[in-house]
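Below, each value reflects all heavy atoms present in this structure, side chains not excepted, and no hydrogens, waters or symmetry copies. Fair warning: this is a prediction, and the values are worked out from it, not measured in the lab. Naming convention: chains lettered A, B, ... in sequence-line order (proteins, then strands); numbering from 1 in each chain.
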Protein chains: 2
Amino acid sequence: MYKFAKETYKYAFNFGWEIMKQRYERLMEIRRLIGQSQISSQDELMRLLEKQGFELTQATLSRDLKYLKVAKMPDDRTGYVYVLPGKEQESRRADLATTADYGFVSIDFAQGLGIVKTLPGHAGSLAYTIDQLNAYEVAGTVAGDDTILIIPRDGVTRHDLVSLLQLKVPGLIFQPVH
Amino acid sequence: MYKFAKETYKYAFNFGWEIMKQRYERLMEIRRLIGQSQISSQDELMRLLEKQGFELTQATLSRDLKYLKVAKMPDDRTGYVYVLPGKEQESRRADLATTADYGFVSIDFAQGLGIVKTLPGHAGSLAYTIDQLNAYEVAGTVAGDDTILIIPRDGVTRHDLVSLLQLKVPGLIFQPVH
DNA sequence: GTTTCTTTTGCAAATTTATACATTTTATTT
DNA sequence: AAATAAAATGTATAAATTTGCAAAAGAAAC
């Protein structure tokens, strides 16, 4: 939804001399389409624009996207998606946990249990985060000061567990300091 | 700066069975490089990694970047830059004004002056924002309720003015409602 | 209206990025 | 340790994106 209804924003770009009206309408439409749907290539976007009655080549689209500062980012669903400036964050918030500093140090396995090492004092909060995932794979956790014991359910492999954590706790493995 | 010094994070990925140590070190280095410098192509990144002693092909890099969810976004300086997830925002904060809702409607020119129309009551705040730019091009502004008069300095063209505003007030032209 | 200057766009080529497939490497199981 | 399974990587190629250049379209100046 844009602030100006079509009728209105049509004139929002009247620079006094009928500049680039068509181009700006196209740019608006591009923003709308990208904000609304998961677009993963310029050709795909081009086809959508053509349906709307715009005529253009992919080369122009490349320039438009550059002008609009639209980024192309990897996406689990579609492979890659175009995202509007400022919207990148939102699209990453699907996961429960945020990219906070968990104090994670390492994970190891023994006796069918996962042993997570953390910085001193960080075990509790990371264990809590893991509990909050409510994941089937995790039967329960026990936290000390700098160590967490993860008890996997029967049949859950260490690999399943690592996958789960990597998927649901982004930033756990690669955690830069702010 | 990473939380774990090299010596430490070397072992942060000991999953109990010597998994992918080399790969993870490379991934860490990629994150470091991308966070630190303005990298605009995979080949460029590859060369940097080779200097660090890593051996790999561009294909692997493409996969690594996908895994790390590194986005490629347009950048005024370098054309395009790779950005870490969560860091996109920061790289856009160089400009004074933020992507707020300015109530901007249109801009026109007459008598050598710029006439900006805004939504009712928005003239004052947008004029203030423009004043805060402290731009040479603008000798001064006068704001009513929904209209701003911009007085350009001698020799400043309407084009200069539009360029200035587009450059310094991102989102002025394309402003989606939140 | 005509001329001049600027911007936009398409075309084609260059560059950059992604991926299918085969191979190697690494982990898991027996 | 051997066999099996899974993951990572290179090679070659396909796909996608960017860009130089020339033409067209649009504004500005005259």
Side-chain angles (χ1 to χ4, degrees), chain A residues 13-27 30 39-47 49-50 54-76 78-82 107-110 112 155-163 166, chain B residues 13-27 30 34 39-47 49-50 54-75 78-82 107-110 112 155-163 166:
Chain A
F13 308 114
N14 174 4
F15 281 65
W17 65 110
E18 292 276 307
I19 199 176
M20 305 174 286
K21 193 159 62 177
Q22 177 178 320
R23 177 167 175 261
Y24 275 85
E25 290 198 1
R26 186 183 66 231
L27 292 172
I30 290 173
I39 295 174
S40 51
S41 82
Q42 296 182 6
D43 272 316
E44 181 184 346
L45 179 53
M46 202 174 76
R47 275 178 245 115
L49 285 167
E50 280 170 351
F54 293 93
E55 284 185 24
L56 76 167
T57 61
Q58 174 272 326
T60 297
L61 212 38
S62 174
R63 294 177 182 117
D64 285 353
L65 293 178
K66 187 173 189 176
Y67 177 82
L68 292 172
K69 296 230 192 320
V70 169
K72 188 188 186 185
M73 72 184 268
D75 179 82
D76 289 331
T78 57
Y80 295 86
V81 227
Y82 283 96
I107 184 173
D108 209 329
F109 291 88
V156 172
T157 67
R158 50 181 76 172
H159 176 260
D160 293 335
L161 212 51
V162 170
S163 296
Q166 289 212 340
Chain B
F13 308 113
N14 175 3
F15 282 63
W17 65 112
E18 294 275 308
I19 200 178
M20 304 174 288
K21 193 158 64 176
Q22 176 178 317
R23 177 167 174 260
Y24 275 85
E25 289 198 1
R26 186 183 66 230
L27 291 172
I30 289 174
I34 285 179
I39 296 174
S40 49
S41 81
Q42 296 181 6
D43 273 316
E44 181 184 346
L45 178 53
M46 203 174 76
R47 274 177 245 117
L49 285 167
E50 279 170 350
F54 293 92
E55 284 184 24
L56 76 167
T57 61
Q58 172 270 324
T60 297
L61 212 38
S62 174
R63 294 175 183 119
D64 285 354
L65 293 178
K66 187 173 188 175
Y67 177 81
L68 292 171
K69 297 231 192 319
V70 169
K72 188 187 186 185
M73 73 183 269
D75 179 82
T78 56
Y80 295 86
V81 227
Y82 283 98
I107 183 171
D108 207 329
F109 290 89
V156 172
T157 67
R158 49 182 76 176
H159 176 261
D160 293 337
L161 212 51
V162 171
S163 297
Q166 289 212 340

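In this structure, Leu61(A) atom CG and dT8(C) atom C1' are separated by 14 Å, rounded to whole Å. Summarising the geometry, the separation between CG on Leu65(B) and C1' on dT16(C) is reported as 12 Å, rounded to the nearest angstrom. Separating the CG atom of Asp160(A) from the P atom of dA5(D) is a distance of 17 Å, rounded to the nearest angstrom. The CG-C1' distance, from Leu45(A) to dA16(D), rounds to 13 Å in whole Å. In this structure, Asp43(A) atom CG and dG10(C) atom P are separated by 14 Å, rounded to whole Å. Atom CE in Met46(A) sits about 10 Å away from atom P in dC11(C), given to the nearest Å. Note: OH (Tyr67(B)) to P (dT19(C)) measures 17 Å, nearest angstrom. To the nearest angstrom, P of dT16(C) lies 14 Å from CD1 of Ile39(B).
At dA18(C), one or more side-chain N or O atoms of Gln42(B) fall inside 4.0 Å of OP1 or OP2 (strictly under the cut-off). For dT19(D), one of the phosphate oxygens OP1 or OP2 lies less than 4.0 angstrom from a side-chain nitrogen or oxygen of Lys66(A). A sub-4.0 Å separation between OP1 or OP2 of dT9(D) and a side-chain N or O of Arg26(B) is present. A sub-4.0 Å separation between OP1 or OP2 of dA16(D) and a side-chain N or O of Tyr82(A) is absent. Between Ser62(B) and dA18(C) there is a side-chain N or O to OP1 or OP2 distance below 4.0 Å.
Using a 4.0 Å heavy-atom criterion, one finds that Thr60(A) contacts the sugar-phosphate atoms exclusively. Among the atoms of the strands shown, only primed sugar atoms or phosphate atoms (P, OP1, OP2) are found under 4.0 Å from some heavy atom of Ser41(B). The residue Glu44(A) sits apart from the nucleic acid: no heavy atom pair falls under 4.0 Å. Nucleic acid contact class of Leu56(A) (heavy atoms, under 4.0 Å, all strands): sugar-phosphate only.
For the pair Asp160(B) (side chain) and Thr157(B) (backbone), a donor-acceptor distance under 3.5 Å is present.
Checked by distance alone, Arg23(A) brings no side-chain donor or acceptor within 3.5 Å of a matching partner on the base of dG26(D). Side-chain N/O atoms of Gln58(A) and base N/O atoms of dA16(D) include no donor-acceptor pair closer than 3.5 Å.
Side-chain atoms of Leu27(A) and Tyr67(A), non-hydrogen and from C-beta on, do get closer than 4.5 Å to each other.
Comparing Lys72(B) and Asp64(B) against DNA chain D, the residue whose closest nucleotide sits nearer the 5' end is Asp64(B).
Proximity note for Arg63(A) (side chain, C-beta onward) versus dC11(C), dT18(D), dT11(D): the nearest is dC11(C). In this structure, the nucleotide among dT17(D), dA12(D), dT9(D) sitting nearest to the side chain of Ala59(B) is dA12(D).
In this structure, NZ on Lys72(B) lies 12.0 Å from CD1 on Ile34(B), to the nearest 0.5 angstrom. Taken from NZ in Lys66(A) to CG in Leu61(A), the straight-line distance is 14.0 Å, to the nearest 0.5 Å. To the nearest 0.5 angstrom, Asp64(A) atom CG is 6.0 Å from Arg23(A) atom CZ.
Screening Gln42(A), Met46(A), Arg47(A) against Glu44(A) for a side chain to side chain contact (heavy atoms under 4.5 Å, CB included) leaves a single residue, Arg47(A).
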